[in-house]
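Within every chain, numbering begins at 1; the chains are lettered A, B, ... in the order of the sequence lines, protein sequences first and strands thereafter.
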2 protein chains.
Amino acid sequence: MLSNSSKYAIKGVLYLAMKSSTEKKILAKELSVPINVPPSYIAKLLQELGKHGIVSSTKGPKGGFYLNEANRIIPLIKIVDVIDGGYRLKSCMLSLSDCNEDHPCPLHKMVGNTKSNFVKQLQETTVNDLVADIKAGNSFLPL
Amino acid sequence: MLSNSSKYAIKGVLYLAMKSSTEKKILAKELSVPINVPPSYIAKLLQELGKHGIVSSTKGPKGGFYLNEANRIIPLIKIVDVIDGGYRLKSCMLSLSDCNEDHPCPLHKMVGNTKSNFVKQLQETTVNDLVADIKAGNSFLPL
DNA sequence: TGAAAAACATGATCTTTATCATATTTAAGA
DNA sequence: TCTTAAATATGATAAAGATCATGTTTTTCA
Ligand code: FES
Ligand code: FES
């Protein structure tokens with residue numbers, strides 16, 4: 001469903017959402033332990049996300065990664081699209097090409113609209129929404 | 001969600017379900033084209049499935065793969081378990097280990113119970129059920 | 001009983017994904 | 001302005017997944 005990289009990326013962004021601010025930046029290698037992702041791996045992912053404006057960063061001493069207000073209202077789907085490339089989530093359960101609601105493959109009804117539902121959720125849910133959930137005690141860390 | 005191999009395996013079994021019988025066996029390489037899977041790949045998968053009693057086969061001239069009545073009432077989950085190993089489907093959306101309904105990760109509610117729902121469907125749906133659907137015009141080939 | 005046709009078993013290669021490493025650029029602060 | 005701390009860019013290696021190839025066994029049938 002989601003690649004490993006996407007999962008890592010989401011975890012990283014979430015961690016930044018919880019712990020960082022414009023004043024409090026976080027080093028890639030600092031992130032690594034709490035979210036349980038190899039340091040150079042998360043570094044690379046964050047760089048890619050930065051390139052697409054999903055996270056913010058500054059170089060040099062006192063630098064690091066963080067989220068600004070704009071970053072916080074980005075929908076999760078953007079993370080997945082940048083990392084996984086947008087196709088993965090949309091494909092049919094049997095990887096058939098000419099497959100849709102009106103011409104469903106044999107597995108289609110089993111997954112129902114749940115997959116497209118998940119995509120919709122990813123489109124509608126922002127980083128901030130997840131943080132709100134966590135703070136409200138509806139979902140849990142650590143990552 | 002499902003590996004490529006599982007998808008291929010399901011397609012192969014479905015094709016056998018539609019076209020084979022104890023009297024009419026089908027060669028691996030004959031299967032290859034209609035289900036659009038490389039011949040030696042589907043051959044290997046079918047052998048693995050055969051080893052676990054999910055498909056039937058006989059060697060030698062006039063041999064081939066087919067489904068007997070017992071094969072036809074096997075739930076789809078068995079195919080996936082044999083090919084993908086059972087873990088893939090059950091894991092948390094963020095690959096967190098201590099994650100469950102009562103201790104949900106931040107993405108959990110987004111996928112809701114839809115994933116476990118899918119697993120349940122795989123457990124409850126047999127090969128025969130899919131064939132019935134196709135014959136009733138509720139889902140479509142080709143594969 | 002021997003030749004051929006098939007599955008079966010095993011392993012090799014190719015491709016993608018995940019992971020690691022290293023040199024370069026930028027910014028802070030002494 | 002020099003040193004240092006960080007991200008950035010790029011590429012190398014490792015592991016997993018997908019695909020291919022080949023020899024072995026079993027069965028049919030002439
Ligand atoms: S058409 Fe195949 S999963 Fe929807
Ligand atoms: S707990 Fe992570 S997806 Fe359910």
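For A:Asp133, the salt bridge (charged side-chain N to carboxylate O under 4.0 Å, His left out) partners at least two apart in sequence or on another chain are B:Lys109. A search for salt bridge (charged side-chain N to carboxylate O under 4.0 Å, His left out) contacts involving A:Asp81 returns nothing, not counting sequence neighbours. Every residue two or more places apart in sequence or in another chain was checked for a ring-ring contact (aromatic ring centres under 6.0 Å, His included) with B:His52, and none qualifies. Take A:Lys11 and apply the side-chain hydrogen bond (donor to acceptor under 3.5 Å, both in side chains) test, not counting sequence neighbours, and it matches no residue. With sequence neighbours left out, the side-chain hydrogen bond (donor to acceptor under 3.5 Å, both in side chains) criterion links B:Thr22 to no other residue.
Annotation: proximity of residues 43-55 of chain A to DNA chain D (heavy atom, distance under 4.0 Å) is found for A:Lys44, A:Gln47, A:Lys51, numbered in ascending order. Against DNA chain D, the stretch residues 7-35 of chain A makes heavy-atom approaches under 4.0 Å through A:Ile26, A:Leu27, A:Ala28.
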Identify each donor-acceptor pair in which a side-chain atom of residues 23-30 of chain B lies under 3.5 Å from a protein atom, sequence neighbours left out, and give them as a table.
| from | atom 1 | to | atom 2 | distance (Å) |
| --- | --- | --- | --- | --- |
| B:Glu23 | OE1 | B:Ser21 | OG | 3.4 |
| B:Glu30 | OE1 | B:Leu27 | N | 3.1 |

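Along DNA chain C, the nucleotide closest to A:Tyr41 and the one closest to B:Phe65 are compared, and the more 5′ of them pairs with B:Phe65.
Taking atom CG on A:Asp84 and atom P on C:dT17, their separation rounds to 9 Å, with Å as the unit. Distance B:Tyr66 OH to C:dA6 P: 16 Å, rounded to the nearest Å. To the nearest angstrom, C1' of D:dA18 lies 16 Å from CG of B:Leu2.
Just one residue in the list B:Leu2, B:Leu45, B:Ile10 forms a side-chain contact (heavy atoms from CB on, under 4.5 Å) with B:Ile83, and that residue is B:Leu45.
Between B:Ser57 and the phosphate of C:dA6, there is no side-chain N or O to OP1/OP2 separation shorter than 4.0 Å. A close approach under 4.0 Å does not occur between any side-chain nitrogen or oxygen of A:Ser40 and OP1 or OP2 of C:dA21.
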Write down the protein N/O and nucleotide N/O pairs, taken from nucleotides 22-30 of chain D, whose separation is under 3.5 Å; answer none if there are no such pairs.
| from | atom 1 | to | atom 2 | distance (Å) |
| --- | --- | --- | --- | --- |
| D:dT26 | O4' | B:Lys59 | NZ | 3.3 |

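Sequence neighbours left out, the pairs with a member in residues 3-43 of chain B that pass ring pair (Phe, Tyr, Trp, His ring centres under 6.0 Å) are B:Tyr8-B:Tyr41. Applying the ring pair (Phe, Tyr, Trp, His ring centres under 6.0 Å) test to every pair with at least one member in residues 53-73 of chain A, sequence neighbours left out, gives no pairs at all. Within the structure, every pair that satisfies the salt bridge (charged side-chain N to carboxylate O under 4.0 Å, His left out) test and touches residues 39-64 of chain A, not counting sequence neighbours, is listed here: A:Glu48-A:Lys51.
No donor-acceptor pair under 3.5 Å is formed between the side chain of A:Asn36 and the backbone N or O of A:Val33.
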